[in-house]
Protein chains: 2
Amino acid sequence: MKATFRDVKSDIMAKITSGEWEPGRLLPNEMDLAEIYGCARATVNRAMRELADEGVVERRRKAGTRVRMAPLRQARFSIPIVRVEIEEQNSTYRYALVSQEVAAAPQWLRARLQLAADCPVLSLTCMHYADGAPYQFEERWISLGLLPQAQEADFSEIGPNEWLVSTVPFSDAEIAFSATAATPDLADHLGCAQGAALFTVERSTWLKGEAITFVRQSFRPGHRMTSRY
Amino acid sequence: MKATFRDVKSDIMAKITSGEWEPGRLLPNEMDLAEIYGCARATVNRAMRELADEGVVERRRKAGTRVRMAPLRQARFSIPIVRVEIEEQNSTYRYALVSQEVAAAPQWLRARLQLAADCPVLSLTCMHYADGAPYQFEERWISLGLLPQAQEADFSEIGPNEWLVSTVPFSDAEIAFSATAATPDLADHLGCAQGAALFTVERSTWLKGEAITFVRQSFRPGHRMTSRY
DNA sequence: GAGTGGTCTAGACCACGTT
DNA sequence: ACGTGGTCTAGACCACTCT
């Protein structure tokens with residue numbers, strides 16, 4: 001029975017988790033491992049490449065492969081569209097546009113997105129409901145310099161998030177999670193007390209270095225974002 | 001000049017982002033792509049496997065490879081040890097143990113970790129400071145059923161997080177982000193107003209299906225957790 | 001300079017799921 | 001049944017970087 005890349009990977013992982021191969025330890029090179037496991041070097045290579053991707057080992061040409069000193073733990077979060085997130089909970093989704101206006105980008109937004117001083121932006125605020133109850137308040141700014149067609153789009157039925165995903169499916173983004181106190185306006189829309197602790201997601205998006213949009217999503221009190229790793 | 005797997009990957013990515021290959025579109029099979037790009041099938045395979053990992057395409061045997069309907073965006077967060085996080089900001093780290101006691105696991109904790117009714121746990125609370133200012137308040141519960149040696153450990157100098165990482169380096173975990181209002185106790189330790197909005201991370205950890213530990217980390221007001229993707 | 005990982009090849013067999 | 005992706009092989013050449 002020859003070893004598959006999964007066999008090699010899990011065996012090496014076991015040696016590391018059991019402490020047999022301690023942090024900093026130099027692993028045998030790929031040729032030797034291939035001989036040990038009775039498989040081709042490419043098979044070992046794939047196992048080791050995946051372990052390196054996952055942050056378990058560190059590889060450098062000539063220097064070889066070592067167990068990472070501080071095991072680098074990382075979690076992956078999928079960034080869902082609000083509608084999908086709500087529908088996956090078997091709740092009924094409802095969307096409402098609260099306000100819409102075009103104006104020059106305020107200074108704080110220009111700083112965040114590195115926008116030109118006179119760049120016009122479309123400002124939107126909207127609400128997302130789950131089973132009729134307020135779920136998320138969304139404040140959105142879209143650069144009209146890069147996406148002039150946003151001014152013609154109808155955001156009364158479809159949310160800006162979904163419009164953007166269908167218009168500009170791939171882009172670079174920076175995402176930030178934080179907690180903020182509910183302003184009077186937010187409290188009003190979300191139906192919570194002023195000052196309530198709200199989970200907040202902020203995301204800046206660029207396409208080839210040009211700023212597209214900035215969004216701040218404030219969730220109803222008690223919202224949790226979870227992941228396994 | 002033959003195509004590398006990076007060439008193939010970025011060319012296919014370009015066809016998708018440009019809209020030439022729209023969502024749902026069936027891609028040519030690996031043999032055909034290999035011929036198109038003038039490379040081996042294994043090269044195409046690696047390119048496509050990475051695109052599938054990144055959520056750009058969806059692959060199924062016999063059914064072939066399709067552009068994902070809703071491009072699945074995902075962000076990777078590395079989960080740092082508090083000390084490392086603070087030191088990376090070029091701040092001075094200080095740790096303090098606030099309280100420590102052994103007791104039977106309360107009901108809510110047993111429910112979260114699926115612990116036996118009579119399982120004793122070590123409860124710890126500690127503070128982490130950056131440049132002398134409160135940075136994070138940590139509430140930690142460690143199962144003594146699985147980790148009896150935790151009772152002997154000295155948590156007055158080294159934090160439970162670092163002790164655990166060096167004792168049980170790899171494990172399964174569930175992580176949750178949320179916002180909570182500062183309790184009087186939290187406000188006292190973090191030096192903030194009662195009811196202030198605090199960014200909170202909760203993490204449950206298992207080793208081979210057995211619960212190890214649960215931790216709630218509450219950050220000082222204004223804390224942000226960021227990532228690019 | 002020499003040893004390591006990084007990648008490609010041409011071929012093969014297999015596992016799975018659609019038809 | 002059959003076409004697709006999933007994986008393995010044995011060999012080769014290359015790129016990086018440590019000494």
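For clarity, every value in this text was computed on a predicted model and none was experimentally measured. So that the names make sense, note that chain A is the first sequence line, chain B the second, and so on, each numbered from 1.
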When you compare the protein's N or O atoms with those of nucleotides 17-19 of chain D, which come within less than 3.5 Å of each other, and at what distance?
| residue | atom | partner | partner atom | Å |
| --- | --- | --- | --- | --- |
| D:dC18 | OP1 | A:R60 | NH2 | 3.2 |

Partner residues of B:Y135 under the ring-ring contact (aromatic ring centres under 6.0 Å, His included) criterion, sequence neighbours left out: B:F219, B:H223
Got a sec, which residues hit ring-ring contact (aromatic ring centres under 6.0 Å, His included) with B:W21, two or more places apart in sequence or on another chain? none
Holding to ring-ring contact (aromatic ring centres under 6.0 Å, His included), I want the full list of residues that pass it with A:Y93, two or more places apart in sequence or in another chain. A:H128
Listed partners of A:S178 passing side chain to side chain donor-acceptor pair (under 3.5 Å), at least two apart: none
Indicate yes or no: at least one non-hydrogen side-chain atom of A:L113 is less than 4.5 angstrom from one of A:W206. yes
Under 4.0 Å from a heavy atom of chain A: give me the 5'-most and 3'-most nucleotides of DNA chain C that qualify. C:dG3 to C:dT7
Which residues satisfy the side-chain contact (heavy atoms from CB on, under 4.5 Å) test with B:E157, sequence neighbours excluded? none
For DNA chain D, which residues of residues 41-55 of chain A approach it to below 4.0 angstrom with any heavy atom? A:R41, A:A42, A:T43, A:R46
Examine D:dG5: is either OP1 or OP2 under 4.0 Å from a nitrogen or oxygen in the side chain of B:T65? Give yes or no. yes
A:D53: what forms a side chain to side chain donor-acceptor pair (under 3.5 Å) with it, not counting sequence neighbours? none
Nearest-Å distance, CZ (B:R59) to C1' (D:dT4)? 9 Å
Can you pull the salt bridge (charged side-chain N to carboxylate O under 4.0 Å, His left out) pairs that have at least one residue in residues 37-48 of chain B, sequence neighbours excluded? B:E30-B:R41, B:R46-B:E50
Under the salt bridge (charged side-chain N to carboxylate O under 4.0 Å, His left out) test, residues paired with B:E162 that sit two or more places apart: B:R83
Holding to salt bridge (charged side-chain N to carboxylate O under 4.0 Å, His left out), I want the full list of residues that pass it with A:R203, two or more places apart in sequence or in another chain. none
